[in-house]
Amino acid sequence: MQNDNIITTANLTKSFGQLQVLRGISLSIERGEIVSIVGPSGAGKTTLLQILGTLEQADGGTLTVDGVDVTSLTQRQLSDFRNRRLGFVFQFHQLLPEFSAIENVMIPAYIAGTPAGKARERASRLLDFLGLADRAHHKPQQLSGGEKQRVAVARALMNKPAVVLADEPTGSLDTQNKQELHQLFFRLRQETGQTFVIVTHDEELARLTDRTIHLKDGQTVD
């Protein structure tokens, strides 16, 4: 694992109206780390993850991701950066129901302008790696909860992102599927050096991660 920071923040703040959600968050995450973010509801976990993922803009402070000061990018540059350098896994997978598993996985590559044949080849390899080769042409409604979430992980990995950001990725899964997804994150890190930042209420997953960032009242706590 290289000893360099893939994410660095300094004094991030964010308010929604009169409600201050983040109160000066400064942190760093190393390339290849699996980091969990935990804290009570309302602590600012999802807001922080959305800012790290450039889905939301901070009111103040700085954010550097994979060597890029993202606070200086235009909206178009941000959109392109997000598509090429970041992957997302959400609690409820957010697959498009009209598309097959492999088509869902290919969507980030289409957005990036990757040729269809090349995109399909990588999507196929990812589904095979995740044990879903025989489910590639099934629609989401034909997949189990665990299979849908693995398709979502494949989609997140499609453009070889610098960081995968996951918001409660095991929140809708049963115990066996939770454990399989946990193992998958660590296997991906071992085989590809993938960095993961995971917001979770799942204490078992948090204990397994390399490091846990605790948030309370919009601040990091020891």
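Remember, predicted model here, so these are calculated numbers, not experimental data.
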Open item on the list: Please determine whether side chain to side chain contact (heavy atoms under 4.5 Å, CB included) holds for the pair L205 and K178, giving the CA-CA distance in whole Å, both sets of side-chain angles, and the decisive distance to 0.1 Å.
Closed with: CA-CA 9 Å; L205 175 55; K178 279 184 182 182; over 6 Å; no

- [ ] Begin from the C-alpha positions of E168 and T46 and carry the test side chain to side chain contact (heavy atoms under 4.5 Å, CB included) through to its verdict.
- [x] CA-CA 9 Å; E168 298 287 1; T46 293; 5.9 Å; no

TODO: With side chain to side chain contact (heavy atoms under 4.5 Å, CB included) as the test, would you mind laying out the steps for H182 and E204 before giving the verdict?
DONE: CA-CA 9 Å; H182 296 172; E204 180 186 354; 4.3 Å; yes

Open item on the list: For a side chain to side chain contact (heavy atoms under 4.5 Å, CB included) check, start with the C-alpha distance between L143 and L132, then their side-chain angles and the critical distance, and finish with the verdict.
Closed with: CA-CA 10 Å; L143 303 174; L132 293 167; 5.7 Å; no

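Between I51 and T9 there is no side-chain heavy-atom pair separated by less than 4.5 Å. Annotation: side chain of L19 is in contact with side chain of V21 (closest heavy-atom distance under 4.5 Å). A 4.5 Å side-chain heavy-atom check between R135 and V151 finds every atom pair outside the cut-off. Counting heavy atoms from C-beta outward, D80 and L73 have side chains that stay 4.5 Å or more apart. Between F99 and M106, every side-chain heavy-atom pair lies at or beyond the 4.5 Å cut-off. Taking 4.5 Å as the limit, some side-chain heavy atom of H201 sits within range of a side-chain heavy atom of S41. Here the side chains of L215 and I25 are in contact, with some heavy-atom distance below 4.5 Å.
Counted within 6.0 Å of CD on E191, heavy atoms from surrounding residues, nucleotides or ligands total more than 12; the atom is thus considered enclosed. In the displayed structure, E203 atom CD is contacted under 6.0 Å by at most 12 heavy atoms of other residues, nucleotides or ligands.
To the nearest 0.5 Å, atom CG of residue L157 and atom CG of residue L126 are 6.0 Å apart. The distance from atom CG of L188 to atom OG1 of T195, rounded to the nearest 0.5 Å, is 11.5 Å. For the atom pair CD1 of I198 and CD1 of I213, the computed distance is 11.5 Å after rounding to the nearest 0.5 Å. Rounded to the nearest 0.5 angstrom, K148 NZ and Q94 CD are separated by 13.0 Å. Atoms CD1 and CG, from I37 and L52 in turn, are 6.0 Å apart once rounded to the nearest 0.5 Å. The CD1 atom of I6 lies 10.5 Å from the CD atom of E33; values are rounded to the nearest 0.5 Å.
Qualifying salt bridge (charged side-chain N to carboxylate O under 4.0 Å, His left out) partners for R187, counting only residues two or more places apart in sequence or in other chains: none. Partners of D217 by side chain to side chain contact (heavy atoms under 4.5 Å, CB included), not counting sequence neighbours: none found. Every side-chain hydrogen bond (donor to acceptor under 3.5 Å, both in side chains) that T209 has, sequence neighbours left out, goes to S36. Annotation: salt bridge (charged side-chain N to carboxylate O under 4.0 Å, His left out) contacts of D66 (sequence neighbours excluded): R31, R85. Q176 pairs by the side-chain hydrogen bond (donor to acceptor under 3.5 Å, both in side chains) definition with E180, not counting sequence neighbours. In terms of the side chain to side chain contact (heavy atoms under 4.5 Å, CB included) criterion, residue partners of K160 (sequence neighbours excluded) are, by chain and number, R122. Every residue was checked against the salt bridge (charged side-chain N to carboxylate O under 4.0 Å, His left out) condition with D69, not counting sequence neighbours, and none meets it. Considering only residues two or more places apart in sequence or on other chains, R120 meets the salt bridge (charged side-chain N to carboxylate O under 4.0 Å, His left out) condition with none of them. In this view, F185 and F196 satisfy the ring-ring contact (aromatic ring centres under 6.0 Å, His included) rule, not counting sequence neighbours. Legend: residues meeting side chain to side chain contact (heavy atoms under 4.5 Å, CB included) with I111, ordered by chain and number and at least two apart, are N83, I107.
R189 places a side-chain N or O within 3.5 Å of a backbone atom of G32 that can act as its donor or acceptor partner. In this structure, the side chain of D210 engages the main chain of I34 through a donor-acceptor pair within 3.5 Å. Side chain of T114 to backbone of A119: no donor-acceptor contact under 3.5 angstrom is found. Side-chain atoms of E30 never come within 3.5 Å of backbone atoms of I7 as a donor-acceptor pair (strictly under, hydrogens ignored). A donor-acceptor pair under 3.5 Å is formed between the side chain of K45 and the backbone N or O of P40. Judged by distance alone, with hydrogens and angles left aside, the side-chain atoms of N104 form no donor-acceptor pair with the main-chain N or O of L95 at under 3.5 Å. Listed for the Q149 side chain is a donor-acceptor partner under 3.5 Å among the backbone atoms of P169. Here the side chain of Q194 pairs a donor or acceptor atom with the backbone of P161 at under 3.5 angstrom.
Residue pairs that meet the ring pair (Phe, Tyr, Trp, His ring centres under 6.0 Å) test with at least one member in residues 125-153, sequence neighbours left out, do not exist here.
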Side-chain donor-acceptor pairs under 3.5 Å in residues 55-65, sequence neighbours left out?
from: E56; atom 1: OE2; to: K14; atom 2: NZ; distance (Å): 3.4
from: D59; atom 1: OD2; to: S15; atom 2: N; distance (Å): 2.7

